[in-house]
Amino acid sequence: MKNAITILVFTSLIFSSACKKNENKPEETTKDPIEVQQPEKFVIDSVIMNDSTKILKGLTVKYYSKLLVFPTLKDQKLLDSIYSQYKGVKDFSKEGLKSYLEKDKKNYFNSLAKDLEGLTDEESERFSNQEWYSSSSMEVVSNISDYMHIQYSGGGYEGGAHDNYGFSERVFDLKNNKRLALQDITSMAKKDLEEKLMKNIDKIHGGATDSDGDIKNTDMLLVEVIPVTNNFYFDSKNLYFHYSPYEIAAFAAGDIIIPISWEELGGTLNPEFKKRMKIK
């Protein structure tokens, strides 16, 4: 009987000890992982249309166009502004832009074919072995402090002494979903800007040369006052104004870029712009 009591007490002690161990052991629980939403990565894609056709026996016509696609940009007004020069574009997806380019190419080929319709063989000979073209492109040049600079370029040749080309510079504020206006950068008066444009016109050579060497942009000017253009962009040092051929100078001068430094713009810089661009 005594042995039975001893075994019972010993068993009770073991059970009691096991219970205490279980009481001290933390309860295992499975928790759902915390979801941290990462900012969406800025993505740029593109659509390219490259084709050619024969309009006349000796005349080949080429079409080339490149449009950028921004799948992570969702603001409708911003997208409308980015594609505003492409009339009729409503669908800014890759498929939508591809469809637009296909239609634009067909319209270009059909328009030329209609213009040249009915030419006699003798008249057609004028275009023998010629190659006409239409070319356009979009390129992101920079994206500084959420200021995205896109350069739109275009060119073409449809007979004549030379082809023609031009540029359109646009900067988009991705923080505020809008195209940047000049007044968002500087409050300097138009007259003062015009004076600085004339003063700085020869700082970047336009490309014209003759037998004696480089020709200054000043020597090729067609205007007495250089107008302030909406074709502007900037980097860490300067604000630049871009002029296409014939806009302010002879074709031989090429396109002309005129810089105005941040120092020259002085206290007229917009405080928010100055802060975002870290201009001292």
Side-chain angles (χ1 to χ4, degrees), residues 39-47 65-94 96-97 100-101 104 135-155 165-190 192-194 196-197 226-245 247-248 255-262 264-265 268-279:
E40 194 170 16
K41 185 180 178 182
F42 183 63
V43 177
I44 303 175
D45 200 352
S46 64
V47 174
S65 189
K66 175 184 176 181
L67 292 181
L68 296 179
V69 186
F70 302 95
T72 54
L73 294 184
K74 307 300 181 185
D75 188 87
Q76 189 67 30
K77 285 186 178 180
L78 176 62
L79 290 168
D80 284 340
S81 183
I82 289 173
Y83 296 99
S84 62
Q85 67 188 65
Y86 302 100
K87 304 302 179 187
V89 177
K90 297 298 179 186
D91 183 353
F92 306 120
S93 68
K94 193 166 186 175
L97 293 175
Y100 166 81
L101 288 183
D104 189 59
S135 175
S136 63
S137 184
M138 287 174 74
E139 299 293 345
V140 170
V141 180
S142 64
N143 191 350
I144 308 170
S145 301
D146 282 331
Y147 291 120
M148 179 175 66
H149 168 204
I150 299 179
Q151 182 182 83
Y152 305 77
S153 60
Y165 64 94
F167 301 90
S168 176
E169 312 286 356
R170 297 185 186 183
V171 180
F172 298 93
D173 183 347
L174 301 184
K175 275 190 175 181
N176 296 304
N177 293 318
K178 67 172 187 174
R179 181 181 175 182
L180 203 67
L182 192 57
Q183 56 263 34
D184 295 322
I185 299 175
T186 177
S187 60
M188 182 169 281
K190 179 183 172 184
D192 294 332
L193 283 172
E194 289 170 346
K196 293 187 184 301
L197 288 169
I226 299 175
V228 178
T229 177
N230 284 325
N231 273 6
F232 66 82
Y233 61 95
F234 49 82
D235 59 19
S236 60
K237 296 180 180 179
N238 302 300
L239 175 64
Y240 300 90
F241 293 86
H242 195 173
Y243 299 87
S244 295
E247 201 169 347
I248 60 171
D255 57 303
I256 293 175
I257 298 172
I258 307 176
I260 300 179
S261 70
W262 299 132
E264 290 177 280
L265 292 169
T268 69
L269 288 176
N270 180 295
E272 182 191 347
F273 175 81
K274 189 175 179 180
K275 183 180 178 182
R276 275 175 64 176
M277 286 296 295
K278 297 180 175 61
I279 299 171

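Count residues from 1 along the sequence.
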Under 3.5 Å, is there a donor-acceptor pair between the side chain of Ser81 and the main chain of Leu78?
-> no
Where the side chain of Thr72 meets the backbone of Val43, is there a donor-acceptor pair that is under 3.5 Å apart?
-> yes
Starting at NZ of Lys196, measure out to CD1 of Ile258 and round the result to the nearest 0.5 Å.
-> 13.5 Å
Roughly how far, to the nearest 0.5 Å, is OG of Ser142 from CE of Met148?
-> 10.0 Å
Compute whether any side-chain donor of one residue and acceptor of the other, for Ser136 and Ser65, lie under 3.5 angstrom apart.
-> yes
Looking only at atom types and distance, does a side-chain atom of Tyr233 sit under 3.5 Å from a main-chain N or O of His242, one as donor and one as acceptor?
-> no
Just do the side-chain contact (heavy atoms from CB on, under 4.5 Å) check on Leu182 and Met188 with the steps written out, would you?
-> CA-CA 10 Å; Leu182 192 57; Met188 182 169 281; over 6 Å; no
Please round to the nearest 0.5 Å and tell me the distance separating atom CG of Asp255 and atom CZ of Phe167.
-> 4.5 Å
Hey, mind stepping through Lys66 and Leu68 against side-chain contact (heavy atoms from CB on, under 4.5 Å) and telling me if it holds?
-> CA-CA 7 Å; Lys66 175 184 176 181; Leu68 296 179; 4.0 Å; yes
Distance from Leu97 atom CG to Asp45 atom CG, nearest 0.5 Å?
-> 10.0 Å
Measure across Lys237 and Asp235 and return the closest heavy-atom pair with its distance rounded to 0.1 Å.
-> N-OD1, 2.8 Å
List the steps and the verdict of side-chain contact (heavy atoms from CB on, under 4.5 Å) for Val228 and Glu194.
-> CA-CA 6 Å; Val228 178; Glu194 289 170 346; 3.9 Å; yes
Test side chain to side chain donor-acceptor pair (under 3.5 Å) applied to Gln151 and Arg170, Glu139, Glu169, the passing residue | Glu169
Does the pair Lys178/Asp184 count as a salt bridge with the N-to-O cut at 4.0 Å?
-> yes
Take Ile150 and Val141 through the test side-chain contact (heavy atoms from CB on, under 4.5 Å) and record every step on the way to the result.
-> CA-CA 6 Å; Ile150 299 179; Val141 180; over 6 Å; no
Partners of Tyr86 by ring pair (Phe, Tyr, Trp, His ring centres under 6.0 Å), sequence neighbours excluded?
-> none
Evaluate the criterion side chain to side chain donor-acceptor pair (under 3.5 Å) for residue pair Thr268 and Thr186; output intermediate values, then yes/no.
-> CA-CA 5 Å; Thr268 69; Thr186 177; 2.7 Å; yes
Between CD1 of Ile185 and CG of Leu180, what distance do you get to the nearest 0.5 Å?
-> 4.5 Å
Given ring-ring contact (aromatic ring centres under 6.0 Å, His included), test Tyr83 with Phe92 step by step and report yes or no.
-> CA-CA 8 Å; Tyr83 296 99; Phe92 306 120; 5.0 Å; yes
Would you check if Val140 and Phe172 make a side-chain contact, meaning some heavy-atom pair closer than 4.5 Å?
-> no
Are the side chain of Ser244 and the backbone N or O of Glu247 linked by a donor-acceptor pair below 3.5 Å?
-> no
State, without any angle test, whether Asn231 and Thr229 hold a side-chain donor-acceptor pair at a distance under 3.5 Å.
-> no
Say you draw a straight line from OG of Ser168 to CD of Gln85; how long is it, rounded to the nearest 0.5 Å?
-> 5.0 Å
Mark yes or no for whether Arg276, through its side chain, and Ser145, through its backbone, hold a donor-acceptor pair below 3.5 Å.
-> yes
Nearest heavy-atom approach of Pro227 to Ile248 is CD-CG2, 3.9 Å
Measure from the side-chain N and O atoms of Trp262 to the backbone N and O of Lys274, and report whether any donor-acceptor pair falls under 3.5 Å.
-> no
Run through Tyr240, Tyr147, Phe241 and flag the one making a ring-ring contact (aromatic ring centres under 6.0 Å, His included) with Phe234.
-> Tyr147
